[in-house]
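Letters A, B, ... are given to chains in the order of the sequence lines, protein chains preceding strands, and every chain is numbered from 1.
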Amino acid sequence: MKAPIATSEGIFLAEFSEEGLCFLHFPKASEVSAKEETAEVPATLRPWVKLTTAALKAVLAGRVPTEFPPLDLSAGTKFQQSVWRQMLKIAPGKTKSYGEIAKAIGKPAAVRAVGGACGANPIPVLVPCHRILAAGGKLGGFSGGLDWKRRLLAIEGHAQYQA
DNA sequence: CCACGGTGGTAGA
DNA sequence: TCTACCACCGTGG
């Protein structure tokens, strides 16, 4: 089930499963058709849409979301899920390196694999993969495009990353 | 600055 | 299985 999420940064597209929010797509003209934009959201989904919208707006304003919708991370492997859960612990304004994440999940040598897991993150922004940097404060990559990573970091107070 | 080797996890064949 | 990717990281020119 899909639903558009309107924010100051554009219209995101959320996808929900039975379990909760399972995907979040960055605003892109091709992703949200006019039809989807105006379509009625099913009543059963409205509470989750509301929570998703509130949480997204909070992050985009540099604040800590008071409440998340349930997150369905079942699309990922065990390894990926442990990486994603670890990222959820990083507060806005803070950053960690890929290496620190690897150590935190007990696989210090799996640094490179952590990068792969970040790239596979189905719920960017809310699962804050943008707060993961390469060693030495270098940006690394970002699945949604580096501009987004820079913008998100700038919102959270890292002026040096502004495009 | 660049090149390289050691890495672990994933997707595809 | 085997293979070829990688949003890494340290070391060494």
ask   = Does A/Q81 use its side chain to pair, donor to acceptor, with the backbone of A/K78 at less than 3.5 Å?
value = no
key: G-U wobble or Watson-Crick pairing nucleotide for C/dC6 (cut-off 3.5 Å, both distances)   = B/dG8
ask   = OH of A/Y98 versus P of C/dC9: gap in Å, rounded?
value = 8 Å
task = Calculate the interatomic distance between A/Y161 atom OH and C/dA7 atom P; express it in whole Å.
result = 18 Å
inquiry  = Can you measure A/I105 atom CD1 to C/dC8 atom P for me and round it to whole angstrom units?
reply    = 15 Å
inquiry  = Between A/K94 and A/E156, does any NZ, NE, NH1 or NH2 come within less than 4.0 Å of an OD or OE carboxylate oxygen?
reply    = no
Interatomic distance, A/K78 NZ vs B/dT10 P [rounded to whole Å] = 11 Å
request  = Test A/F142 against A/W148 for ring pair (Phe, Tyr, Trp, His ring centres under 6.0 Å), laying out the working first.
outcome  = CA-CA 8 Å; A/F142 197 65; A/W148 271 108; 8.3 Å; no
task = Measure from CD on A/Q80 to P on C/dA7 and round the result to the nearest Å.
result = 13 Å
message = Any non-hydrogen side-chain atom of A/I132 less than 4.5 Å from a side-chain atom of A/I90?
response = yes
Side chain of A/A134 - closest among C/dA7, C/dC9, B/dT10 = C/dC9
message = Which heavy atom of A/N121 sits nearest to which heavy atom of A/W84, and what is that distance?
response = CA-NE1, 3.6 Å
Review item, nucleotides 4-8 of chain B N/O atoms under 3.5 Å of protein N/O:
| from | atom 1 | to | atom 2 | distance (Å) |
| --- | --- | --- | --- | --- |
| B/dG6 | O6 | A/R112 | NH1 | 2.8 |

request  = Find out if a path of hydrophobic residues (ILVMFWY) with successive side-chain heavy-atom gaps under 4.5 Å connects A/V41 to A/L21.
outcome  = yes
